[in-house]
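I have placed the structure first, in the form of structure tokens, so that the comments after it can refer back to it.
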Amino acid sequence: SYTAFGVMIYTPVESLFMRFSTAEEAFAYSNIGYKIDMIIEGKDCAFIVYASSGSHHIDYVNKDGDQWLLVKRTLYRNEKLTGDKNYSVWFLEDPSTRQLLVLIAQPFPDSNIELDQAIISDSQNNNFERFQINEEYNLKTYYYYRVIDSSSIGHYEVVIDGSPFSYSK
């Protein structure tokens, strides 16, 4: 039947028995040749920021005890992208663990100049971590991130340098 075929395409049979000792190994199994820029671990899951075809993407993997499962594809991702002239904000939720990744990108055209850190606050008074990716053609992007438990939030807001970005279920 078409349903069974569709499930097999989006849920490889290996997912029933394949386990990995690291999130990076789980990602590499089905993403040969992609460059991982950052692995952000949440509770029982990890979000993987990686480069492909000149742009950055995010997938996630779940944890089962101390072993990592196969990567979850975009099909399962709840992603909301919004942006202004300086920032793009992604809200990505792992539906099985209810972990929400808040990822803020601040592209900057000259990697020889250091930008001031963005002023970020949110409706839960969280602190945000920062990392940078040096890209081709002397470009760099600053990323700020936080993983939160989304099971208890109905509305969430992050404010970046005075500009609000909202997430609602």
Can you confirm whether the side chains of Asn62 and Ser96 place a donor and an acceptor under 3.5 Å from each other? yes
Does the side chain of Phe27 come within less than 4.5 Å of Trp68's, by heavy atoms? no
Once you round to the nearest 0.5 Å, how far does CD1 of Ile48 lie from CD of Glu41? 9.5 Å
Val102 and Val159: same hydrophobic cluster, using ILVMFWY side-chain contacts below 4.5 Å? no
Treating Ser168 as the side-chain partner and His155 as the backbone partner, does any N or O pair qualify as donor plus acceptor under 3.5 Å? no
Please round to the nearest 0.5 Å and tell me the distance separating atom CD1 of Ile39 and atom CD of Glu24. 5.0 Å
Asp37 vs Tyr143, side-chain contact (heavy atoms from CB on, under 4.5 Å): CA-CA, chis, key distance, verdict: CA-CA 11 Å; Asp37 291 313; Tyr143 287 92; over 6 Å; no
Can you give me the closest heavy-atom contact between Gly162 and Pro164, atom names plus distance? O-CD, 3.6 Å
Any residue meeting salt bridge (charged side-chain N to carboxylate O under 4.0 Å, His left out) with Asp122, in chain and number order, not counting sequence neighbours: none
Sequence neighbours excluded, the answer for salt bridge (charged side-chain N to carboxylate O under 4.0 Å, His left out) partners of Asp64 is Arg19
Between the side chain of Ser123 and the main-chain N/O of Tyr156, is any donor-acceptor distance below 3.5 Å? no
Out of curiosity, Ile148 CD1 to Arg98 CZ, how far, rounded to the nearest 0.5 Å? 11.5 Å
We want to know whether Tyr60 and Gln99 form a side-chain donor-acceptor pair, criterion being a heavy-atom distance below 3.5 angstrom. no
Between Leu69 and Ala26 the two heavy atoms that sit nearest each other are O-CB, 3.1 Å
Rounded to the nearest 0.5 Å, what separation is found between the CD1 atom of Ile119 and the CZ atom of Phe128? 13.5 Å
Just verifying a value: how many Å separate Tyr144 OH and Glu129 CD, rounded to the nearest 0.5 Å? 12.0 Å
Does any part of the side chain of Met18, heavy atoms only, come nearer than 4.5 Å to the side chain of Tyr29, both counted from C-beta? yes
Validation row, ring centre Tyr167 to ring centre Phe91 under 6.0 Å: yes
Give me the atom names and distance for the closest heavy-atom approach of Leu92 to Trp90. CD1-CB, 3.4 Å
Is the shortest side-chain heavy-atom distance between Ile153 and Leu100 below 4.5 Å? yes
With side chains defined as the heavy atoms from C-beta onward, is the minimum distance between Val49 and Tyr145 less than 4.5 Å? no
If you measure from NZ on Lys63 to SG on Cys45, what distance do you get to the nearest 0.5 Å? 10.5 Å
Do Phe20 and Leu70 come within less than 4.5 Å of each other through their side chains, counting heavy atoms only? yes
